[in-house]
Structures are given as C-alpha cells and as structure tokens.
Amino acid sequence: MSTEQEQIESATAAEAEKLLAGEDWASARVVMAEVGSNSSAMFRFARADGTTGSLSPRLVARHLRGLRTAMADADRGCWFSVTVDLDREDAAPRFAYNWDRRVDYGHLAFDGLALPDVAPTRPDADQWLDELRRHPRSPEHVPAWLRALVAGEGTELQPGDGAAIERAIAAAPTWPPARASLASSTRWSEVFNAVSEEIVRALRADTPATELLHREVDDRALEQVAASATGPLLRRFVHDTASCGALAAELDTPNGPDRAEDDVTDAITDLVDWQVARRFDR
C-alpha cells in the first residue's frame with residue numbers, strides 16, 4: 001500500500017465517522033462504483049436496535065474518487081467499485097476493492113440495507129468502453145465478460161495536444177464570488193495560494209484524469225482533479241485544530257466553534273471547485 005493510498009483511506013474513514021457523529025450508529029458501509037464518466041454511491045448505517053438510516057455520500061465519495069485516481073495502475077487500470085465498512089467497536093475501517101467484477105448501480109447496498117428508491121442499472125457497453133479508454137488495461141487484466149461486452153469496439157487511446165490542460169495550468173486563479181470577502185484575510189490568502197498550488201500539482205500529475213484532460217475537457221476528470229487537490233488541503237488546514245479554528249473564526253457562518261471543521265471544509269471545497277472550473281472555463 002502506498003503512502004498516498006493510506007492517507008486517503010484514513011481521510012475517507014475520518015470523513016465518514018464525522019458524518020456519523022450525530023447518529024446512534026453501530027455499523028456503517030459506504031459503497032461507490034465508477035465506470036467511465038458515471039458513478040453511484042451510497043452511505044448507509046445500522047443502529048444497535050436493528051433500524052437503519054442513510055447519509056449523503058457526497059463528501060466521502062469525493063475522497064474515494066481521489067483514492068481511485070491514486071490507485072490507478074498501468075496494467076490493471078482502476079478498480080470498478082469500493083466498499084468501506086466501519087464498526088463503532090472496531091477502530092480499524094475495512095476497505096475492499098473490486099477490480100474485475102461487473103457492477104450494478106442499483107445493487108450497492110449491504111445485507112438488510114436495500115435501496116428501494118434506486119432502480120438497478122448496469123453500465124452499458126459504451127460506458128465500459130469509455131472506462132477502458134480512460135483507464136487502459138493490459139489484455140490479461142481485462143475480464144472475459146468485459147472483453148466480450150466491448151468486442152469489436154476500438155479501445156486504443158488517441159493522443160491529444162494537451163492545449164486545454166496547459167492553458168488551465170497557466171491560468172490566473174480567482175476567488176469565487178461567494179468567498180470573495182476572504183481575499184483580505186492573510187490566513188485565507190494562504191489557503192487560496194495553497195489551493196492554486198495543489199490544483200496545478202494535480203494537473204501536472206500523471207494520472208488517468210489528466211491523461212483524459214489532455215484529450216478532452218471532461219467533467220468527471222475535473223472532479224477527480226479537484227478530489228486530488230482537496231485531500232492534501234484538508235490534511236493541512238482542517239486536521240490541524242489550531243489552524244482550522246483560526247480559519248473558521250473568520251468565516252461568516254452561524255455554526256460556531258463546534259462546526260469549525262465542517263465550515264472550513266466547505267470553504268476550501270468551494271475554492272477548489274471554483275478554481276478548477278474556471279481554469280477550464282466551466
């Protein structure tokens with residue numbers, strides 16, 4: 001396991017446990033599947049009395065997309081789905097990765113926690129072909145069912161000129177209008193500069209997302225770049241209690257010190273999402 005994978009797994013579990021903090025939970029599971037530009041995620045938990053509940057998987061899924069990018073392999077491509085199990089009595093979260101089984105977006109729940117409001121949907125051949133184009137695999141790592149599904153379709157990637165990504169790297173960063181009042185803050189100016197540095201680092205990295213962006217501007221790839229940039233920023237500014245508290249004190253929010261981590265996380269996410277989108281004229 002690489003250091004980056006270990007760090008993102010730790011951040012993912014921490015985010016999930018933070019969201020569970022207000023619930024009387026005994027066990028929980030997060031599942032995310034991604035194929036090409038499509039993904040689906042769920043976050044369900046069980047209480048000691050047997051009842052169940054659900055939470056928004058958005059923030060946890062952002063970490064998992066970054067984790068998927070970090071674990072991309074030149075031979076194996078990317079995993080198709082991940083399951084994260086948490087147990088309140090066991091401090092160690094368990095991550096399980098699916099690299100070769102076909103996924104159904106409507107069948108992401110674990111035993112007893114069905115999703116009646118989600119219809120079973122399988123990614124079609126075009127989506128799987130898109131996955132192979134984004135994350136090429138050596139022939140021995142393409143499952144037989146996937147090879148048969150895309151039989152007769154071309155899977156060779158055509159290189160692009162990389163103009164869009166180079167323009168994005170060179171673009172001057174700007175503040176999102178909703179956070180423009182922070183521009184006069186020394187502390188938040190440091191965060192702003194760090195956001196720009198992390199985005200440029202993520203754009204220069206050799207990942208499936210940046211490989212795709214060299215060919216076309218794809219929204220899912222932009223999300224993966226944003227996720228790659230966000231992780232280090234949260235570890236730097238949010239996980240440090242003193243730094244987080246000082247930054248939160250300058251935010252115009254009603255939540256108070258007890259929600260400092262949430263408020264600073266939201267503000268940093270806004271900065272990252274805005275900068276990434278604007279660099280690509282989104």
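All values reported here derive from a predicted model rather than from experimental measurement.
Between Val272 and Ile199, the shortest heavy-atom distance links the atoms O-CD1, 3.9 Å. Arg279 and Ser196 get closest at one heavy-atom pair: NH2-OG, 2.9 Å. Minimum interatomic distance between Ala72 and Cys78 (heavy atoms only, all atoms of both residues): CB-SG, 3.6 Å. Between Arg204 and Ile169 the shortest heavy-atom distance is NH2-CG2, 3.2 Å. Scanning all heavy atoms of the two residues, the minimum distance from Ala267 to Trp188 falls at CB-CH2, 3.5 Å. Leu19 and Phe43 get closest at one heavy-atom pair: CD1-CE1, 3.9 Å.
Within the 3.5 Å criterion, the main-chain N or O of Ala14 finds no donor-acceptor partner in the side chain of Glu17. Although no hydrogens or angles enter the test, the distance criterion places no donor-acceptor pair under 3.5 Å between the side chain of Ser138 and the main chain of His141. Counting only distance, with no hydrogens or angles, the side chain of Asn98 and the backbone of Asp100 share a donor-acceptor pair below 3.5 Å. Within the 3.5 Å criterion, the main-chain N or O of Glu6 finds no donor-acceptor partner in the side chain of Ser10. Proximity of a side-chain donor or acceptor of Ser39 to a complementary backbone N or O of Ala33 within less than 3.5 Å is not detected.
Residues meeting the side-chain contact (heavy atoms from CB on, under 4.5 Å) test with Ser37, sequence neighbours left out: Asp130, Arg134, Asp218, Arg220.
Leu55 and Leu59 fall into different hydrophobic clusters, where Ile, Leu, Val, Met, Phe, Trp and Tyr are joined by side-chain heavy atoms under 4.5 Å apart, directly or via other members. Both Leu271 and Leu222 are part of a single hydrophobic cluster, where members link through side-chain heavy atoms under 4.5 Å apart. Note on Leu247 and Trp274: separate hydrophobic clusters, where clusters join Ile, Leu, Val, Met, Phe, Trp and Tyr whose side-chain heavy atoms are under 4.5 Å apart, directly or indirectly. Note on Val276: it clusters hydrophobically with Leu234, by side-chain heavy-atom contacts below 4.5 Å among ILVMFWY residues.
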In sequence, state the C-alpha distance, the side-chain angles, and the governing distance for Arg187 and Glu190, and then conclude on salt bridge (Lys or Arg N to Asp or Glu O under 4.0 Å). CA-CA 5 Å; Arg187 289 190 181 92; Glu190 179 186 352; over 6 Å; no

Arg137 vs Trp99, side-chain contact (heavy atoms from CB on, under 4.5 Å): CA-CA, chis, key distance, verdict: CA-CA 11 Å; Arg137 292 180 167 219; Trp99 292 82; 4.3 Å; yes

Pair Val30-Val82, side-chain contact (heavy atoms from CB on, under 4.5 Å): steps then yes or no: CA-CA 8 Å; Val30 180; Val82 57; over 6 Å; no

Test side-chain contact (heavy atoms from CB on, under 4.5 Å) on Leu132 and Leu146; report intermediate values, then the result. CA-CA 10 Å; Leu132 290 178; Leu146 180 52; 3.9 Å; yes

Dump the intermediate steps for side-chain contact (heavy atoms from CB on, under 4.5 Å) on Leu67 and His63, then the final yes or no. CA-CA 6 Å; Leu67 181 59; His63 287 289; over 6 Å; no

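No more than 12 heavy atoms of other residues, nucleotides or ligands lie within 6.0 Å of CG in Asp206, so this atom counts as exposed by the packing criterion. Within a 6.0 Å sphere centred on CZ of Arg47, heavy atoms belonging to other residues, nucleotides or ligands number more than 12.
Residues Leu64 and Val84 meet the side-chain proximity criterion, which asks for heavy atoms closer than 4.5 Å. Within the 4.5 Å cutoff, side-chain heavy atoms of Phe280 are placed close to those of Leu203. Taking 4.5 Å as the limit, every side-chain heavy atom of Leu149 sits out of range of all side-chain heavy atoms of Gln127. The shortest distance between side-chain heavy atoms of Glu4 and Ile8 falls below 4.5 Å. Between Met32 and Pro57 there is no side-chain heavy-atom pair separated by less than 4.5 Å. Put simply, the side chain of Lys18 does not reach to within 4.5 Å of the side chain of Val60, judged on heavy atoms.
Only one option out of Arg278, Arg62, Arg58 pairs with Asp273 in a salt bridge (Lys or Arg N to Asp or Glu O under 4.0 Å); it is Arg62. Checked against Arg68 for a salt bridge (Lys or Arg N to Asp or Glu O under 4.0 Å), the options Glu9, Glu223, Glu131 give a single hit: Glu131.
Relative ring orientation between Trp79 and Tyr97 is described as tilted, the plane-to-plane angle lying within the 30° to 60° band.
Distance CG/Asp262 to CG/Leu251: 11.5 Å, rounded to 0.5 Å. In this structure, SG in Cys244 is found 9.0 Å from NE2 in His239, a value given to the nearest 0.5 Å. Note that OG1 of Thr207 and CG of Leu213 are 7.5 Å apart. Values are rounded to the nearest 0.5 Å. Considering CH2 of Trp128 and CZ of Arg133, their distance stands at 15.0 Å, rounded to 0.5 Å.
Ionic pairing of Asp87 and Arg94 is not present here: no N-O contact between side-chain nitrogen and carboxylate oxygen is shorter than 4.0 angstrom. Taking the charged nitrogens against the carboxylate oxygens, Arg201 and Glu198 do have a contact shorter than 4.0 Å, which makes a salt bridge. Salt bridge status for Glu23 with Arg88: absent, with no side-chain N to carboxylate O gap under 4.0 Å.
Side-chain contact check for Arg259 and Thr265: no donor-acceptor pair (N or O, by modelled atom type) lies under 3.5 Å.
A centroid separation of 6.0 Å or more is found between the aromatic rings of Phe45 and Trp25.
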